[in-house]
2 protein chains.
Amino acid sequence: MELSPTAHVILGMLAWRPMSGYDIKAVVDHSTRFFWAASYGQIYPELSRLADAGLVKGKAESASARKRTVYTLTAAGRRALTEWLGVEPRTFEYRDEGLLKLFLASAAPETAVATLDAKRAFHEAKAKQLREIEAASKAEGYAGMVLRYGIESSEWMADWCRREAERLREETA
Amino acid sequence: MELSPTAHVILGMLAWRPMSGYDIKAVVDHSTRFFWAASYGQIYPELSRLADAGLVKGKAESASARKRTVYTLTAAGRRALTEWLGVEPRTFEYRDEGLLKLFLASAAPETAVATLDAKRAFHEAKAKQLREIEAASKAEGYAGMVLRYGIESSEWMADWCRREAERLREETA
DNA sequence: GAAGTCATGTAAACGGTTACATGATTTT
DNA sequence: AAAATCATGTAACCGTTTACATGACTTC
């Protein structure tokens, strides 16, 4: 039973507490988003598939509030999750258009500093955003650890851009 | 005339010197690969499209060596490249299964250290590989700058993993 | 009553990887 | 003669994003 990459995010989230697809999307958006995104177009179909496979179980909640389907992890789902956690991570993908432009900047050197500045601004904004999440959520345990990774690595990248932009400015001065 | 993301890599490479699709793939594989990959399945069709659009020009070389098609950047191609370099970079994508497993590790805490160790090993191997490329290619100008970014960021990530793994080991000791 | 947000889903398109297919040339 | 590498390409598949569609409930 091969699980898709995003299936594991869902299983992992449901291990914390039962959630609807909408909930999962919201949690993803202010937590794993910066290193593992997921859209509705994936979450909802994936939830159905996981339910068919017996790894999660959906329960319609129409009582008082809006009608929504809350999913719970089954025993088999928990087993699949812990099994996956025990396997060495392999996918590491990284696409950075800023680095690409910088790499090719010799074709238009006057653009290099602006590219560095834009990349720095991006990482600074990301760090700020993650710091806000940290402050709002107390950020404990493994989730907090990963959040700090996001903050610190963003700051490192922003610093790198600052240093290199300065170096370029000095060189051309 | 909307260019696909990878089209720019091709234009950028051809700005250095005329190359065949095979050449481009080889150059990508030991340069942009760590932040912008490209496969044959993209490069060859993209070259045809760029040739149709008049941004590159292919010339069959069957003289002495193997028959191959060498592409050159046209004036329009160079214009498209510099124009693109002047636009702020926007795509920044990052998928890190190691971080994801760490983030969800509370469901199986005994796996956390192994995940950190695996992620560290990955970044160390990447740093080593990039350092070899640096040594082999003298790494000048913007390409060298980006290469050093790869080395230094990989080392930062490896260090982070080392620190956190140690912290976890101490905590459980 | 309007705006916002909760909530679920689908269809089309996109970008990309993998595997396959082929064959010539060069090196061992 | 075999193995490696040069060289080009296509087809199938995969995961994902975006846009669209719908509607109910809640807050202002």
Side-chain angles (χ1 to χ4, degrees), chain A residues 1-11 13 18-30 32-52 56 58-71 90-97 100, chain B residues 1-11 13 18-30 32-52 56 58-71 90-97 100:
Chain A
M1 191 174 11
E2 269 303 299
L3 272 321
S4 82
T6 337
H8 297 113
V9 192
I10 295 177
L11 294 180
M13 300 259 148
M19 279 190 256
S20 68
Y22 191 84
D23 293 337
I24 291 172
K25 167 75 167 140
V27 172
V28 161
D29 273 349
H30 56 264
T32 72
R33 193 178 203 274
F34 85 89
F35 61 90
W36 207 282
S39 59
Y40 288 128
Q42 271 179 283
I43 292 170
Y44 285 117
E46 194 62 58
L47 276 170
S48 313
R49 257 174 271 136
L50 289 172
D52 289 347
V56 303
K59 198 186 171 185
E61 239 187 31
S62 54
S64 58
R66 294 167 167 102
K67 70 165 189 276
R68 61 196 219 115
T69 312
V70 176
Y71 290 88
R90 51 205 184 295
T91 46
F92 180 90
E93 278 157 45
Y94 180 49
R95 306 216 129 210
D96 186 334
E97 202 189 357
L100 182 59
Chain B
M1 190 173 14
E2 269 304 299
L3 273 322
S4 81
T6 336
H8 297 111
V9 192
I10 295 176
L11 294 180
M13 300 259 148
M19 278 191 257
S20 68
Y22 191 83
D23 292 338
I24 291 171
K25 167 76 167 141
V27 173
V28 162
D29 273 349
H30 55 266
T32 73
R33 192 178 205 275
F34 84 90
F35 61 88
W36 206 280
S39 59
Y40 289 127
Q42 269 180 285
I43 292 170
Y44 285 116
E46 194 62 58
L47 276 170
S48 313
R49 257 174 271 137
L50 289 173
D52 288 347
V56 303
K59 198 187 173 185
E61 238 187 33
S62 54
S64 60
R66 296 167 168 102
K67 69 164 188 279
R68 61 196 220 114
T69 312
V70 176
Y71 290 88
R90 52 207 183 294
T91 46
F92 180 89
E93 278 158 45
Y94 181 49
R95 304 217 129 207
D96 187 333
E97 203 189 356
L100 182 59

Notebook entry, point to check: Would one find a side-chain N or O of Y22(A) under 4.0 angstrom from OP1 or OP2 of dC6(C)?
Noted result: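 Answer is yes, contact under 4.0 Å.
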Next item on the list: For R33(B), look at atom CZ and say whether over 12 heavy atoms of other residues, nucleotides or ligands are found less than 6.0 Å away.
Entry: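 No, not enclosed.
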Notebook entry, point to check: Is atom CZ of R95(B) surrounded by more than 12 heavy atoms (other residues, nucleotides or ligands) closer than 6.0 Å?
Noted result: yes
Next item on the list: Report yes or no: is there a donor-acceptor pair, N or O only, under 3.5 Å between the side chain of R66(A) and the base of dT8(C)?
Entry: no
Under 3.5 Å between N/O atoms: give me all the protein pairs with nucleotides 14-17 of chain C, atom names plus distance.
| from | atom 1 | to | atom 2 | distance (Å) |
| --- | --- | --- | --- | --- |
| dG16(C) | OP1 | R95(A) | NH1 | 2.3 |
| dG16(C) | OP2 | T6(B) | OG1 | 2.5 |
| dG16(C) | OP2 | Q42(B) | NE2 | 2.7 |
| dG16(C) | O5' | Q42(B) | NE2 | 3.2 |
| dT17(C) | OP2 | S39(B) | OG | 3.2 |
| dT17(C) | OP2 | Q42(B) | OE1 | 2.8 |

Please report the distance, rounded to the nearest Å, between [atom1] in [X] and [atom2] in [N].
X: R49(A); N: dC14(D); atom1: CZ; atom2: C1'; answer: 11 Å
X: R68(B); N: dG23(C); atom1: CZ; atom2: C1'; answer: 17 Å
X: D23(A); N: dG9(C); atom1: CG; atom2: C1'; answer: 16 Å
X: H8(A); N: dT16(D); atom1: NE2; atom2: P; answer: 12 Å
X: I43(A); N: dT17(D); atom1: CD1; atom2: C1'; answer: 12 Å

Item checked: Note, L47(B) side chain near I24(B) side chain (heavy atom, < 4.5 Å) -> yes
Note to self: I want to check something: taking the side chain as every heavy atom from C-beta on, are Y94(A) and W36(B) in contact at a cut-off of under 4.5 Å?
What the structure shows: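 Not in contact.
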Note to self: Show every side chain to side chain donor-acceptor pair (under 3.5 Å) that has at least one partner inside residues 41-50 of chain A, sequence neighbours left out.
What the structure shows: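 Pairs touching residues 41-50 of chain A that pass the test: S4(A)-E46(A), T6(A)-Q42(A), E46(A)-R49(A).
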Notebook entry, point to check: Of the nucleotides dT10(D), dC6(D), dT8(D), which one has an atom closest to the side chain of S20(B)?
Noted result: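 The answer is dT8(D).
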